[in-house]
Visitor: 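Take this structure, written in structure tokens, and hold onto it; I'll ask about it next.
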Amino acid sequence: MSNTDVIIVKPLGQDAVILFAAEELARYLGRVTGQRVVVDADAKGDAICLGLMSAFADIAAPEVPAPYCDDAIYVDVGGARGAIAGINPRSVLLAVYRYLTELGCRWVRPGVDGEIVPRLAELPEVRVAETPSYRHRAVCIEGAVSYEHVRDMVDWLPKVGLNGYYIQFREAHTFFNRWYQHLDNPNVPGERLTLEKAVEYTAGIESEITRRGLLYHKVGHGWTCEPFGIHGLGWEQDEEPPAEIAQYLAEVNGERTLWGGIALNTNLCYSNPEVRRIVVEDIVRYAGEHPDIDYVHFWLADGTNNNCECAECRKARPADFYVMMLNELDAALTARGLATRIVFLIYVDLLWPPEREVIRNPERFVLMFAPIVRTYSEAFRAGNDLPELPPYVRNRLEFPKSVDANVAFLKAWQAGFGGDSFDFDYHLMWDHTNDPGHYAIAKTVAEDMKGLRAIGLNGFVSCQIQRIFFPTGLAMAVMARNLWNTNLGFDTIAEDYFTAAFGADGNLAREYVAGLSERFDPMYLRGDKPGADTEAAEKLATIPAHIDAFRPVIEHNRNAAEACHRQSWFYLDRHAALATALAEALATRARGDRAKAAEQWAAVRQMAWDLDSEVHPVFDAWLFTGRLDGRFR
């Protein structure tokens, strides 16, 4: 190609997602080649054509169970001509990013400073035809976030092969408010976000989801309060509801009141047909008003051991009443002609499956396994002898920590439900705070993604903070790539990731963060490892020296020519200071000097707040300080 050549990108059809895919291809190809790249649907002659597989006579679409939900991509491009196709419009966009990845583009974190875009004199031949290992490959909003944080995450997802996004609640107020009120950082003045502004931000994110054709998940908790006129904005204390509402609330310890003063945590009297009618009618109304939502999540209250103890509710498990409502909801949606998919949750008290009720129309529903109390010192695996379920004792339940015990509950539900399903898990919501190097948790993520099929699940929705790229984004990289292809090895992904993120010394950065994880000892920090605290203290005490030994490598790369590499080393430098101080506080705690450890932690917390303005795109100070406060309290 000469400098006067024009590369033509030719979209087939007028689908908005395919047109966006064409714009993205043209934008990045212009940077890769330095050539003029134009989008022209009417072009004649050589062009890179992109569209649905059905638009190409010579492309045979693979058989997938549900072409709208399941992805498949096809790329056959040599030079400035060829075909990029998908089984649905979203897959076309995924195929574009996969083609660019094969050219050498990488996206190591959200935002422009996470992009690697090579310059190529010639466009090589690229041929790919793949279907991903799993249907569900999505991220759920959590943590403290600005509009821009979430927008950048949604933009990043399809670039790494993920295909869905989940906005919890109706307007995600609590997550945005944590940022804009600066609950994460008292150094910064803030004010409570209005509900109207949260609705505006959510609408903006929805438009970004739609623009990319991502599978859209919505709501979750809140159906136990919103239909009764009580806002479920978050986990803050709420005012007591009007007296006429109390009759619908769960009776616990002889009282019908908000559980702990929090509406989202308050269950209802599910044996009451009027309660079920009010909830079902509200879900049907909401689904009818929001046809753009692919998966409406219908969860019961958050919290544990908070189910109704009235005489009628005691006649069946909560799961029986839950399935009863699911069947009533299916009938009501069917009567309205609504095809909305409903996600139901097996979680805490609902881990115990129904004894009598059975879901009558499994095609309507998706089972969501949420083992929130599991340990991350173990990964999902097949072929184990699973333990028997403990007995269900209303409001006196103890929850399993081991992975096998949690999977035993999943298998008990699967015995009566064979429909679609996924894991909803929390590796990057909390457990990464037990692994400041993020290397050990990345290994667990990789193993879990590979093990999902073996336990009968068709993918993963990660309930996680959005700013999870400090010190690196390795855990997100292995999540995305192993959800697409379970055959990819951890080392292969890690080598590619660290080279992309850090450049020539990427292997040294990898060894360094792996060393951090080993020395912080996540199994000890999460309480899964027996042994004397003195042993942990000795290991933690080696961290400052480990960091100091690596500082010359950081300094050597701080002025790297590539902007993405330069920013990665900057973040690693800032993380090194925080990790040094945290290790010293944890070592003091492990030696038994709780008072001094608390003083040291206060200094670490202040350091996190001080760093916030420099590292907030990759680091959630609200989660970090809130989670570790409890450890030092």
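What you see is a predicted model, and the numbers here were worked out from it, not measured in a lab. In what follows, every heavy atom counts, from backbone to side chain, and hydrogens, waters and symmetry copies are set aside.
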Visitor: Are Trp413 and Phe344 near enough that their ring centres are under 6.0 Å apart?
Guide: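 Centroid distance Trp413-Phe344: below 6.0 Å, so yes.
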Visitor: ring-ring contact (aromatic ring centres under 6.0 Å, His included), that's the test. Do His173 and His231 meet it? Break it down for me.
Guide: CA-CA 11 Å; His173 179 272; His231 278 312; 9.4 Å; no
Visitor: Can Lys218 and Glu206 be said to form a salt bridge (Lys or Arg N to Asp or Glu O under 4.0 Å), step by step?
Guide: CA-CA 10 Å; Lys218 190 77 180 289; Glu206 287 175 334; 3.2 Å; yes
Visitor: Report the residues that fulfil side chain to side chain donor-acceptor pair (under 3.5 Å) with Asp294, sequence neighbours left out, ordered by chain and then residue number.
Guide: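 Residues passing side chain to side chain donor-acceptor pair (under 3.5 Å) with Asp294: Tyr68.
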Visitor: With a 6.0 Å cut-off on ring centres, are His221 and His297 close enough?
Guide: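 Ring centres of His297 and His221 not closer than 6.0 Å.
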Visitor: Step by step, would you call Tyr166 with Tyr216 a ring-ring contact (aromatic ring centres under 6.0 Å, His included)?
Guide: CA-CA 6 Å; Tyr166 177 15; Tyr216 182 24; 8.7 Å; no
Visitor: Verify the ring-centre separation between Trp223 and Tyr322: is it less than 6.0 angstrom?
Guide: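 Between Tyr322 and Trp223, the centre distance exceeds or equals 6.0 Å.
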Visitor: So which atom in Asp425 and which in Pro371 form the shortest heavy-atom distance, rounded to 0.1 Å?
Guide: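 Smallest heavy-atom distance, with atoms named: OD2-CG, 3.6 Å.
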Visitor: Ring centres of Phe460 and Phe422 under 6.0 Å apart?
Guide: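 Judged by ring-centre distance (under 6.0 Å), Phe460 and Phe422 do not meet the cut-off.
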Visitor: Show the numbers, then the answer: is there a ring-ring contact (aromatic ring centres under 6.0 Å, His included) between Tyr295 and Phe365?
Guide: CA-CA 9 Å; Tyr295 297 98; Phe365 297 101; over 10 Å; no
Visitor: Regarding Thr174 and Asn177, is there a side-chain donor-to-acceptor distance under 3.5 Å anywhere?
Guide: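 Side-chain D/A pair, Thr174 to Asn177: absent.
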Visitor: With no hydrogens and no angle check, just 3.5 Å: does a side-chain donor-acceptor pair link Gln464 and Tyr426?
Guide: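 Short answer, no.
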Visitor: Tell me whether Arg605 is salt-bridged to Asp629, with the criterion being a basic N under 4.0 Å from an acidic carboxylate O.
Guide: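 Yes.
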Visitor: Among side-chain atoms of Asn458 and His136, is any donor-acceptor pair under 3.5 angstrom?
Guide: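 No, no side-chain donor-acceptor pair sits under 3.5 Å.
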Visitor: Do the charged groups of Arg135 and Asp70 touch, with an N to O distance under 4.0 Å?
Guide: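 A salt bridge is present here (some side-chain N lies under 4.0 Å from a carboxylate O).
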Visitor: What do the steps show when you test Trp484 against Tyr134 for ring-ring contact (aromatic ring centres under 6.0 Å, His included), and what is the final call?
Guide: CA-CA 7 Å; Trp484 186 274; Tyr134 298 109; over 10 Å; no
Visitor: Could you tell me if Tyr347 and Asp302 have a donor-acceptor pair between their side chains, going purely by distance under 3.5 Å?
Guide: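 A donor-acceptor contact under 3.5 Å links the two side chains.
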Visitor: Which heavy atom of Ala608 sits nearest to which heavy atom of Ala621, and what is that distance?
Guide: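 In terms of heavy atoms, the two residues are closest at O-CB, 4.4 Å.
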Visitor: Is a side-chain donor-acceptor pair under 3.5 Å present for Asn306 with Asn265?
Guide: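 There is no such pair (donor and acceptor under 3.5 Å, judged by atom type) between the side chains of Asn265 and Asn306.
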Visitor: Tell me if the centroids of the rings in His182 and Trp622 come within less than 6.0 Å of each other.
Guide: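 When the ring centroids of His182 and Trp622 are compared, they turn out to be at least 6.0 Å apart.
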Visitor: Under 6.0 Å between ring centres, would you say that holds for Tyr248 and Phe228?
Guide: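 Aromatic pair counts; centres sit under 6.0 Å.
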Visitor: Does Pro522 reach the side chain of Ser377, with side-chain heavy atoms less than 4.5 Å apart?
Guide: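 The answer is no; the side chains never approach within 4.5 Å.
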Visitor: Taking all heavy atoms of Val343 and all of Trp299, pick out the closest pair and write down the distance.
Guide: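 For Val343 versus Trp299, the nearest heavy atoms are O-CD1, 4.2 Å.
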Visitor: How about Phe169 and Phe175: are their ring centroids closer than 6.0 Å?
Guide: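 Yes; Phe175 has its ring centre under 6.0 Å from that of Phe169.
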Visitor: Does the side chain of Glu309 pick up a donor-acceptor pair with the side chain of Asn395 at under 3.5 Å?
Guide: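 Judged by distance alone, the side chains do pair up.
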Visitor: If you take all heavy atoms of Val403 and Glu378, which pair is closest and at what distance?
Guide: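 Closest approach of Val403 to Glu378, heavy atoms only: N-OE1, 3.1 Å.
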Visitor: Do Tyr392 and Glu355 have a side chain donor and acceptor closer than 3.5 Å?
Guide: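 There is no such pair between these side chains.
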Visitor: Between Arg631 and Asn434, is any side-chain donor less than 3.5 angstrom from a side-chain acceptor?
Guide: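 Short answer, yes.
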Visitor: Side chains of Arg364 and Thr334: donor-acceptor distance under 3.5 Å anywhere?
Guide: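 There is such a pair (donor and acceptor under 3.5 Å, judged by atom type) between the side chains of Arg364 and Thr334.
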Visitor: Hey, mind stepping through Asp155 and Arg212 against salt bridge (Lys or Arg N to Asp or Glu O under 4.0 Å) and telling me if it holds?
Guide: CA-CA 8 Å; Asp155 173 70; Arg212 292 160 178 82; 2.9 Å; yes
Visitor: Using a distance-only test with no angle check, is there a side-chain donor-acceptor pair under 3.5 angstrom linking Trp259 and Asn267?
Guide: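 No, Asn267 and Trp259 have no side-chain donor paired with an acceptor closer than 3.5 Å.
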Visitor: Could you check whether Arg137 pairs with Asp71 (Lys NZ or Arg NE/NH1/NH2 to Asp/Glu carboxylate O, under 4.0 Å)?
Guide: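 Counted as a salt bridge, because a side-chain N and a carboxylate O are separated by less than 4.0 Å.
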Visitor: Could you check whether Glu208 pairs with Arg151 (Lys NZ or Arg NE/NH1/NH2 to Asp/Glu carboxylate O, under 4.0 Å)?
Guide: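 Salt bridge: no.
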Visitor: How far apart are the closest heavy atoms of Glu240 and Thr257, and which atoms are they?
Guide: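 Minimum heavy-atom contact is OE1-OG1, 2.8 Å.
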Visitor: Please list, chain by chain and in numerical order, all residues satisfying salt bridge (Lys or Arg N to Asp or Glu O under 4.0 Å) with Asp282, sequence neighbours excluded.
Guide: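 Here the qualifying residues are Arg170, Arg285.
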Visitor: Considering non-hydrogen atoms only, spot the tightest contact between Val366 and Arg341 and give its length.
Guide: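 Looking at all heavy atoms of both residues, the closest pair is CG2-NH2, 3.5 Å.
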Visitor: Cation-pi check for Phe380 against Arg374: NZ or CZ below 6.0 Å from the six-membered ring centre and within 45 degrees of the axis, yes or no?
Guide: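 Yes, cation above the ring, under 6.0 Å and within 45°.
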Visitor: With a 6.0 Å cut-off on the ring centroids, do Tyr286 and His290 count as close?
Guide: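 That pair passes the under 6.0 Å test.
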Visitor: Taking the ring centre of each residue, are Phe619 and Phe624 less than 6.0 Å apart?
Guide: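 Between Phe619 and Phe624, the centre distance is under 6.0 Å.
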Visitor: When you check the gap from the basic side-chain N to the acidic O, do Arg314 and Glu251 get nearer than 4.0 Å?
Guide: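 Salt bridge between Arg314 and Glu251, a charged N being under 4.0 Å from a carboxylate O: no.
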Visitor: Students often mix this up, so state it plainly: with edges at 30° and 60°, are the rings of His438 and His432 parallel, tilted or perpendicular?
Guide: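 Judged by the thresholds at 30° and 60°, the geometry between His438 and His432 is perpendicular.
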